[in-house]
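For the single chain, residues carry numbers from 1 onward in sequence order. Each ligand, and each atom within it, is numbered from 1 in the order the structure gives.
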Amino acid sequence: MVGYVRPKKIGILTAGGDCPGLNAAIRGVGKTAIVEYGMEVIGFNAGYLGLINNDFFELKESQLSGILTLGGTILGTSREKPYKMIKSGEEDQHKPEKIIQNYNDLGLDCVVCIGGNGTMKTANMLSKEGLNVIGIPKTIDNDVWGTDVTFGFDSAVQIATDAIDRLHTTANSHQRVMIIEIMGHHAGWLALYSGLAGGGDIILLPELDYNIRSVCKKIESRYEENKPYSIVVVAEGINHPKNKTAASHIGEAIQTYTGIETRETILGYIQRGGSPTPMDRILATQYGAYAAQSIAEANFGTMVAIKNNKLTTVPLEDVGGKLRLVDTDLPLIDKARKMGVSFGDEFL
Ligand code: F6P
């Protein structure tokens with residue numbers, strides 16, 4: 001038939017730790033693919049596991065309605081890494097081959113992989129195998145290389161900031177030092193942003209070496225200034241003994257060296273749950289729609305990204321296996337220091 005263009009068939013998966021905004025991104029890709037480009041869309045269950053096991057379902061436009069505000073992911077997720085070979089068990093050696101087989105048997109024209117660094121690493125390897133792949137960056141950690149921001153981060157900052165706000169009042173009432181441990185894996189973005197937004201007195205980041213004497217000195221000087229309580233925001237990735245949490249390590253040390261009563265809060269998975277903020281809904285929607293457009297333009301082997309407030313794509317091979325950590329020269333850190341916020345590395 002002259003002029004006939006075969007509608008493209010695409011798959012979507014969400015992999016790695018979940019975060020608010022995943023459903024908004026699925027909706028963004030799916031609706032744009034169906035409405036604007038007439039594509040057929042399927043969703044794989046539980047991340048790369050769905051691709052390996054051919055476990056999928058058709059995503060019709062009607063199923064993409066009403067999910068914008070939902071937390072979690074309607075596709076489910078897993079931390080499956082198909083290229084991580086487990087020596088025992090012949091089966092495990094063949095996961096990538098199974099993926100390629102399923103991709104071809106289903107007649108897919110592209111698979112959209114929504115995830116963090118680990119997901120992009122796998123996406124890049126699949127792209128190198130000849131599959132058409134597009135990545136969408138998500139994570140509360142905000143540590144994906146190649147983009148200025150990931151969706152999920154803004155929602156997590158809001159949740160963590162709210163928690164810090166609440167700790168302020170009880171810390172003040174009891175004249176205690178409150179330690180709050182914030183997620184972020186190896187990156188300190190979430191601790192930095194929520195710590196500053198919540199008015200934390202001390203913020204400890206994995207990217208900046210802290211010294212416990214410096215932390216204690218800051219707390220004692222606040223005491224002397226008639227501020228007999230402090231909020232210490234601790235990123236989970238800071239250097240600490242492996243048999244303790246970061247918060248308990250810092251809390252115990254402060255109590256020992258200053259004699260001031262401390263209490264610890266580990267915010268945990270609350271930071272990943274619930275409805276996305278409006279900013280995350282918009283970011284995820286934009287990423288999703290742009291991923292669908294990139295498929296239509298055959299711009300494969302890429303990850304959608306925001307750079308200097310502009311939507312763009314970056315090659316997956318530049319992203320895979322890298323981390324975007326907090327730059328210790330960030331003007332924000334300098335401004336905070338000048339306002340008296342301690343990062344535990346002063347007074348040395
Ligand atoms: O990457 C998101 C994240 O929540 C990190 O902040 C945290 O270190 C990790 O995932 C927890 O992983 P899991 O879901 O496997 O416990």
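Contact check on Lys217 versus Glu346 returns no salt bridge, with no Lys/Arg side-chain nitrogen under 4.0 Å from an Asp/Glu carboxylate oxygen.
For atom 16 (O) of ligand 1, the closest non-hydrogen atom of the protein is Tyr269 OH, 2.4 Å. Protein heavy atom nearest atom 6 (O) of ligand 1, with residue, atom name and distance: Asp141 OD1, 2.7 Å. If you check which protein heavy atom lies closest to atom 11 (C) of ligand 1, you get Arg272 NH1, 3.6 Å. The shortest contact between atom 13 (P) of ligand 1 and any protein heavy atom is with Arg79 NH2, 3.4 Å.
Between Gly17 and ligand 1, no N or O atom pair is found at a separation short of 3.5 Å.
Ligand 1 is never approached by Gly116 to a heavy-atom distance shorter than 4.0 Å.
Taking the centre of each ring, Phe153 and Tyr193 come in below the 6.0 Å mark.
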Please evaluate residues Tyr229 and Tyr223 with respect to the criterion ring-ring contact (aromatic ring centres under 6.0 Å, His included), reporting the C-alpha separation (whole Å), side-chain torsions for both, the decisive distance (0.1 Å), and the verdict. CA-CA 7 Å; Tyr229 71 95; Tyr223 238 85; 9.6 Å; no
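Heavy atoms of other residues, nucleotides or ligands lying less than 6.0 angstrom from CZ of Phe300 number more than 12.
Residue pairs satisfying the side-chain hydrogen bond (donor to acceptor under 3.5 Å, both in side chains) criterion with at least one member in residues 54-78, sequence neighbours excluded, are listed as follows: Thr14-Thr73, Lys31-Glu61, Lys31-Ser65, Asn45-Asp55, Glu58-Lys60. Pairs passing the salt bridge (charged side-chain N to carboxylate O under 4.0 Å, His left out) check and including a residue from residues 264-291, sequence neighbours excluded, read Asp18-Arg272.
Within ligand 1, counting atoms from 1 as listed, the ones closer than 4.0 Å to a heavy atom of Gly184 are 6 (O).
Contacts of Glu236 with ligand 1, taken as heavy-atom pairs under 4.0 Å, involve the side chain alone.
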